[in-house]
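A short write-up of the structure that comes next.
All values below come from the heavy atoms of this structure, side chains included, with hydrogens, waters and symmetry mates left out. Each ligand, and each atom within it, is numbered from 1 in the order the structure gives. Source: prediction; values computed, not measured.
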Amino acid sequence: MSLTSAAARRDLAFHLHPSTNLRQVQTDGPLVITRGDGVYVYDDEGRRYLEGMSGLWCASLGFSERRLADAAYRQMCELPFYHSFGGKVPAISTELAERLIGISPAGMTRVFFANSGSEANDTAIKLAWYVNNALGRPQKKKIISRQRAYHGVTIASGSLTGLAFAHTDFDLPIARILHTDCPYPYRGAHAGESEENYAARLANSLEQLILREDPDTVAAFFAEPVMGAGGVIVPPATYFERVQAILKKHDILFVVDEVICGFGRTGNMFGSQTFDLRPDIITAAKALSAGYQPISATLVSGEVYETLLAQSDKLGMFGHGYTYSSHPVPAAVALETLKIYAERDVVATVRRVGPRLQEGIRSYADHALVGEARGLGLIGAVELVRNKATKESFDPKAGVGAFLVRRAQQHGVILRNMPTDIVAFCPPLIVSESQIDEILAGFDKALGDTEAMVRERGLA
Ligand SMILES: Cc1ncc(COP(=O)(O)O)c(C=O)c1O
């Protein structure tokens, strides 16, 4: 966080930062992180921060899980690389596949590995297209995602993403990718409208879109159980039940993006279980390896797999895969991660400590700057507003949420600001109740600072 450190100056000279305001990092300097310990990380000047975001929603086991480092080292010594093309496979990747299918929601029978959530979603899009070609339905290719969704930034997954920053000047979205409403009770529901009525309205709007486009041209619908980077948005009651009925009616594949929600985050092993989802395809990444190694998974139902199998008979192969698909080192780390989740009963832990975070966040619901405090399990957000009664946001250019997050950082807690002025919380799943209190204390001070700043600058 300072331009005085040599590491920060070197970084600015050579590094093109991803998902960053490139001008601001030049003036503020990067936060150079040098080591981690439990839920804490340390910068190059020795300052300690409680990582309230698990890095990028991924470091579920914190930043010093020795067993994961040992698993990587052992695998590097034994078999540092092998691949899965043409019928070969590193033994460890088989073990991971079996274990992952073993804990995944009912109906998933095979898993394809890649390196990132974006690639997992790209794979799911390709599968939706491929399956419909295999079934003799070459017109059934459109994909529906949702406004505010975040599914990645590659050309296809970035098109699924429903946030302007991922599209503007990148010439996205590509053709055949459509966006339906975001299920956002705080901003989308009409005054006095019940959750169920709002959900029915959203489902109807989705069905109207499908009918307008022609159901015979729609291949798949993508959804995160809880939308993460779009603002930690929890859907209204009955939303997914209604959506799933429509997808079934029109024979549309349901792809559930579990990249954030997977592996305990929402209080079940998968968000699909929290919301009673019956996906055809699941994508997962991040906490699959606790963020320690890049790896993602695209899980497919028996029915999808049977179609791929038949098409392989016809074409001679399944022509999709990456050099690092099923790479043994991330596979070893992911396998160890899943063992740790089972041994430490990660789901029970989230259920035990989650309420502390949720109650803590919701205790700010009455604050003048807080429009809504929401979340579930160990993921949550506080949405800041200029006018609580009208829900009017601050001018995005005022940078109110960014200010709060900078202040929280100065108070030793890392949070994340998302448009517009939505402050996210997503601590490692190993966080203790007292560490949750520490996160909330940092937030509290930062909110106080923000209130003073808003008053001083006459923003509210
Ligand atoms: C729900 C969701 N899907 C997909 C992705 C993309 O993953 P990656 O950044 O590994 O490509 C993310 C990343 O934050 C995500 O939150």
Look at the aromatic rings of [X] and [Y] and report parallel, tilted or perpendicular, splitting at 30° and 60°.
X	Y	result
Tyr324	Phe81	perpendicular
Phe254	Phe240	tilted
His151	Phe222	perpendicular

Could you tell me which atoms of ligand 1, counted from 1 in the order shown, lie closer than 4.0 angstrom to a heavy atom of [X]?
X	value
Ile260	16 (O)
Asn121	3 (N), 4 (C)
Glu224	1 (C)
Ser116	10 (O), 11 (O)

Suppose we measure from [atom] to each protein heavy atom; which comes out shortest, and what is that distance?
atom	answer
atom 3 (N) of ligand 1	Asp257 OD2, 2.7 Å
atom 14 (O) of ligand 1	Lys286 NZ, 2.8 Å
atom 10 (O) of ligand 1	Gly117 N, 2.9 Å
atom 11 (O) of ligand 1	Ser118 OG, 2.6 Å
atom 2 (C) of ligand 1	Tyr150 O, 3.2 Å

> So which of Ile33, Asp37, Val32 actually passes side chain to side chain contact (heavy atoms under 4.5 Å, CB included) with Tyr42?
Replying inline: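 Of the listed residues Ile33, Asp37, Val32, the side chain to side chain contact (heavy atoms under 4.5 Å, CB included) partner of Tyr42 is Asp37.
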> Do Leu253 and Val304 pass the side chain to side chain contact (heavy atoms under 4.5 Å, CB included) test, and can you show the C-alpha distance, the side-chain angles, and the key distance before you say yes or no?
Replying inline: CA-CA 9 Å; Leu253 293 170; Val304 169; 4.3 Å; yes
>> What I want to know is whether Trp57 and ligand 1 share at least one N or O pair that is separated by under 3.5 angstrom.
In response: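 Such a contact does not occur with ligand 1.
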>> Looking at Glu224 and Lys286, is there a salt bridge between them, counting it only when a charged N and a carboxylate O are closer than 4.0 Å?
In response: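 No, no charged N to carboxylate O under 4.0 Å.
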>> Using a 6.0 Å distance limit plus a 45 degree cone around the ring axis, check whether Lys391 lies over the aromatic ring of Tyr186.
In response: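 Here Lys391 passes the 6.0 Å and 45° test against Tyr186.
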